[in-house]
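Start at 1 and go down the list; that is how both ligands and their atoms are numbered. Along the sequence shown, the residues carry numbers beginning at 1. As the structure is a computational prediction, the values presented were derived from the model and not from experiment. Values below: every heavy atom of this structure, side chains too, minus hydrogens, waters and symmetry copies.
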Amino acid sequence: MSKEYSIETKCIQSGWKPKNGEARVLPIYQSTTFKYETSDEMGKLFDLEKEGYFYTRLQNPTNDMVAQKICELEGGVAAMLTSSGQAANYYAVFNICETGDHVIMSSTVYGGTFNLLTVTMKKMGIECTIVDPDADEETLHKAFRENTKCVVAESIANPALVVLDFEKFATVAHAHGVPLIVDNTFATPINCRPFEFGVDIVTHSTSKYMDGHAMSLGGAIVDSGNFDWTQYGDKFHGLTTPDASYHGVTYTEKFGKKAYITKATVQLMRDLGSTQSPMNAFLLNVGLETLHLRVPRHCENALKVAKWLEQNDKVAWVNYPGLESSKYYDLAKKYMQNGTCGVISFGLKGGREMCESFMDRLRLAAIVTHVADARTCVLHPASHTHRQMNDAQLKEAGVQPELIRFSVGIENADDIIADIEQALANF
Ligand SMILES: *Cc1c(COP(=O)(O)O)cnc(C)c1O
């Protein structure tokens, strides 16, 4: 029903729908367990014969209402929350991969995702081939193998700010019978809904714009319901053949379009348990209620800051997909007509050293390991988030050693610019 509402209305109204006499605001079900009248009733839940709550590690009503809101914002068929964005990306891939499988990933993904796929999941026997997101279709085709199970990328890469050519990636992935998984953290569904361009699964670090206040860590996975797992049943046998740990339930048969999210919930959450706390989900929901107001303001401020930086002679380069000078301006216009994100990156003419001391001189913009929240913040990826990468890997990830990641908040843009101006003054 709420699919008919515009995205602004969904931000406020989707998810929790109180019945007569119930709390107007989403309640926090701060409870590990749920009570049943008979042993048989609870048994049916364990067999997936009935829907219901029994233990918060698997499902919790507060979390489910917030997942439902994110699902509607993205235009998907099913969604789940996770304890972090890392957990979301891990589950999204591991739900359809096992030892001996292969994944293709864009080189410019977030450093945490890069490590997850190339180091930790490699130890689990899952190989990863890195591709340049700007590569042509022919080059991308060559990365595929018999055992490739999915393609992973970001709608706007953190921090390289590469805008993904969704249609190119979706065409190639689908030609090889695998889903395209896209992390939509930076664009948010306010600016971009990847399912409209052929993406199959969307993930989020809700710790960023969705929460918006740097208060609660979290993640989400949303399924478009468009990828037909049964068409490639052998490849995705975890979804299309009986699961012995549930008395032989076959997810695609029993849950149809909800098969992927159901499997990730009842199997991966049950066994690995990266559940978001209901308290965090409640806070996330408060953030989501203003997402449609905050995101345009972030973009407006970021564009002003980016244009100011571009005019400054101490600045070597500015990278923001909303600038006409950006290599990704046209792709951004095509896929994100209302704007991209509040994050910009730039380098100073004095190189890495100047960048570091410039950051120390900022007063309003704080040095924090965070990005994409209400307060302007700044980080030097080569010294912080991407510290584990060598120079070649940094280059491949689109992270120059002097790159400053500047996350423009929703303060007054003139105050943000004045802060940058004073920090640049004495060089
Ligand atoms: C921060 C981030 C993550 C990781 O999310 P956490 O919530 O910090 O675990 C994943 N992807 C992107 C694009 C991010 O910005």
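- At the top of the distance list for atom 8 (O) of ligand 1, counting protein heavy atoms only, stands Ser205 OG, 4.1 Å.
- Heavy-atom distances between Gly218 and ligand 1 reach below 4.0 Å in at least one pair.
- Using a 30° and 60° split on the angle between ring planes, Phe236 and Phe227 fall in the perpendicular class, above 60°.
- Nearest protein heavy-atom neighbour of atom 12 (C) of ligand 1: Asp183 OD2, 3.4 Å.
- Annotation: atom 2 (C) of ligand 1 to nearest protein heavy atom, Lys208 NZ, 2.5 Å.
- Looking from atom 4 (C) of ligand 1 to the surrounding protein, the closest heavy atom is Tyr110 CE2, 3.4 Å.
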_Is there a side-chain hydrogen bond (donor to acceptor under 3.5 Å, both in side chains) between His237 and Glu98? Walk through the geometry before answering._
CA-CA 11 Å; His237 59 87; Glu98 60 191 32; 3.2 Å; yes
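- For the pair Phe186 and ligand 1, the shortest N or O to N or O distance does not fall below 3.5 Å.
- Side-chain contact between Thr376 and Phe406 is present, with heavy atoms from C-beta onward closer than 4.5 Å.
- Within the listing of ligand 1, atoms 13 (C) sit less than 4.0 angstrom from a heavy atom of Glu154.
- Listed for the Asp200 side chain is no donor-acceptor partner under 3.5 Å among the backbone atoms of Asp223.
- Side-chain contact check for Tyr251 versus Tyr246: some heavy-atom pair is nearer than 4.5 Å.
- Of all protein heavy atoms, the one closest to atom 6 (P) of ligand 1 is Gly85 N, 3.3 Å.
- Atoms of ligand 1 lying under 4.0 Å from any heavy atom of Ser207, numbered from 1 in the order shown and given with element: 6 (P), 7 (O).
- The atoms of ligand 1 that sit less than 4.0 Å from any heavy atom of Gln86 are 4 (C), 5 (O), 6 (P), 9 (O).
- Between Tyr335 and Phe197, the ring planes are perpendicular. Angles over 60° get that label, and only those under 30° would be called parallel.
- A salt bridge between Arg363 and Asp419 is absent, with no side-chain N of the basic residue lying under 4.0 Å from a carboxylate O of the acidic one.
- Under a 4.0 Å criterion applied to the non-hydrogen atoms of Asn158, ligand 1 contributes the atoms 14 (C), 15 (O).
- Counting only N and O atoms by type, the side chains of Arg375 and Ser407 include no donor and acceptor under 3.5 Å apart.
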